[in-house]
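Written out below as structure tokens is the structure these notes cover.
The chains referred to below are lettered A, B, ... by the order of the sequence lines, with proteins before strands, and numbering in each begins at 1.
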Amino acid sequence: MDWILYIYKTIFLIIIFLVTLVVAMYSTYGERKVAAFMQDRRGPNRAGLFGLLQPIADGVKMFMKEEIIPTTANRVLFILGPSIAMTTAMLTGVVIPWGDTITIGGREFSMQIADLNIGILYVFAMVSIGVYGIMIGGWASNNKYALLGSIRAASQMISYEIAMGMSIVALILTTGTLSLHEIVEQQHGMHWNVFYQPLGFLIFLICAFAETNRAPFDLPECETELIGGYHTEYSSMKLGFYLFAEYINMFISSAVIATLYFGGYNMPFIDQLGLSANVVTLLGSFFFFLKILGFIFLFMWIRWTLPRFRYDQLMNLGWKKLMPMAIFNILATGAYYYFTEFNYPNTPCKL
Amino acid sequence: MTFVERIYLPAIVKGMFITLKHFFKKKATISYPEQTREFSQIYRGLHVLKRDDEGRERCTACGLCAVACPAEAIIMIAAERKPGEEHLYREEKYAEVYEINMLRCIFCGDCEEACPKEAIFLTDRIVESEYERLPFVYGKDRLVEPLDLNLRIDVSVRQTENVLKFKQNKRFAHNK
């Protein structure tokens, strides 16, 4: 029994959970600040220094609120909905490589909880199950608005998952592996996948917005039309779970985008500095978080710039624009590798 | 639409730069309790019932302010000055109760204009926020200015020579 490994993995798992929760918590604060700044306001600045205690105050408020379960609602499913949303959102972080390996006392510790050889598929599976949280919650509320919201969520997710999966197929053609760790390793230096798959990146980014139900694709929960959509009937911390799950999803999506297309924990010119391996690993993780924060900012930036799509526009974009573009991307990538007989560009052994 | 317009991306990027410009712009907000916006010199805010130089209340409870008030926010009950109270009230009749309902008041300043005794003025102070309605009915305890000369409320900006002259002219409607 390798006890040290088990203990290390457990501790690392807890750290990642905590980091995910803290980042999601402060994303709510960041969201409000970014919104305020873009509208020439100041945002929350009363609770603590620069309003930094605002998320805690919000959390306490959520816990203190009266908890209402409608009499006509299905109690079991009503509670199951936010639980699924939260759980699946938290589970995705397991396969993401948060950094390279750290060497302590001659032992190598990977900064990734589980290096699955089907890492991307795992992420997709978790995201797909996440939809059930929204669907079940919306259906169990026994409310027309909630039902409309969950129907929208379901059809939107299905539509955009196709284009998203296809953009990933093209990416896998270039990488030749499904393991997230290997994909990151291949992007060492400046061989970021975004330069090899610009169209794929664009499609993936748009689909990531749709998958996380963020504006301009927040049709399942649009406040003005559906009064909150699937979480119309929710209150107290169950509502908090839904909102929180959205921010966790945003964090994880940013991490996935950074991993797949922006080199993960790789940073150009880090090898030339001549630092020790452990320092490089820690710096890499730091840069990875910077990339993630950049993408979270992009998510917020877009939300406060663009208005919401109309539903037919959403479907048009998903089926008539993104899907053909994704298929074209696969064909173009495949044709390129077929005719040039150029082996996977990022795989060092083949070059 | 042309092709460039149809793919929306250039327009989206343009829009994003507009929001980014606002991101770094100077904020219009004023952090209120710490900072206050500059008031106009003749701002009409919370009322004050003035005392004269000897510390006596100027108000004689004639009721002209209550008549002039378009929102009917002023209520008063008059009383007669007893011997020995000359140091408290300037006139023989005074207001025993004088209440202004700040929720009804529209801060038009008609009471001030109607007052023949130069007793009521609107100042640049703000009516404080409350949790309930009743505290918004201000009685004499909160309307009459303090006796202490240093704590008197300065209304010299509003009580100018021109205003006094204007008020003495009987031809104007408010003094009919």
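- More than 12 heavy atoms of other residues, nucleotides or ligands sit less than 6.0 Å from atom CG of B:Asp148.
- Applying the 6.0 Å contact sphere to CZ of A:Phe63 captures no more than 12 heavy atoms from other residues, nucleotides or ligands.
- At a 4.5 Å heavy-atom cutoff, the contact between A:Leu202 and chain B is made by side-chain atoms alone.
- More than 12 heavy-atom neighbours from other residues, nucleotides or ligands sit within 6.0 angstrom of NZ on B:Lys27.
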Hey, mind stepping through B:Ile12 and A:Leu306 against side chain to side chain contact (heavy atoms under 4.5 Å, CB included) and telling me if it holds?
-> CA-CA 8 Å; B:Ile12 288 173; A:Leu306 296 181; 3.9 Å; yes
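- Heavy-atom contacts from other residues, nucleotides or ligands closer than 6.0 Å to CG of B:Leu134 number 12 or fewer.
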Could you go through the side chain to side chain contact (heavy atoms under 4.5 Å, CB included) check for B:Leu20 and A:Thr305 one step at a time?
-> CA-CA 9 Å; B:Leu20 193 69; A:Thr305 304; over 6 Å; no
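- The 12-atom threshold is not exceeded at CD1 of B:Ile42, counting heavy atoms of other residues, nucleotides or ligands nearer than 6.0 Å.
- You'll find the side chain of A:Phe297 reaches within 4.5 Å of the side chain of B:Phe23, heavy atoms only.
- No more than 12 heavy atoms of other residues, nucleotides or ligands sit less than 6.0 Å from atom CZ of A:Phe286.
- For a heavy-atom cut-off of 4.5 Å, chain B lies close to A:Asp40, A:Arg41, A:Arg42, A:Arg46 in residues 40-48 of chain A.
- Proximity to chain B among residues 26-39 of chain A is limited to A:Val34, A:Phe37, A:Met38, judged by heavy-atom separations below 4.5 angstrom.
- Counting heavy-atom neighbours within 6.0 Å of A:Phe328 CZ, excluding the residue itself, gives a total of 12 or less.
- In this structure, chain B has no heavy atom under 4.5 Å from any part of A:Ile206.
- For the pair A:Trp301 (side chain) and B:Met16 (backbone), a donor-acceptor distance under 3.5 Å is present.
- Under a cut-off of 6.0 angstrom, the local environment of CD in B:Glu92 is sparse, with at most 12 non-hydrogen atoms contributed by other residues, nucleotides or ligands.
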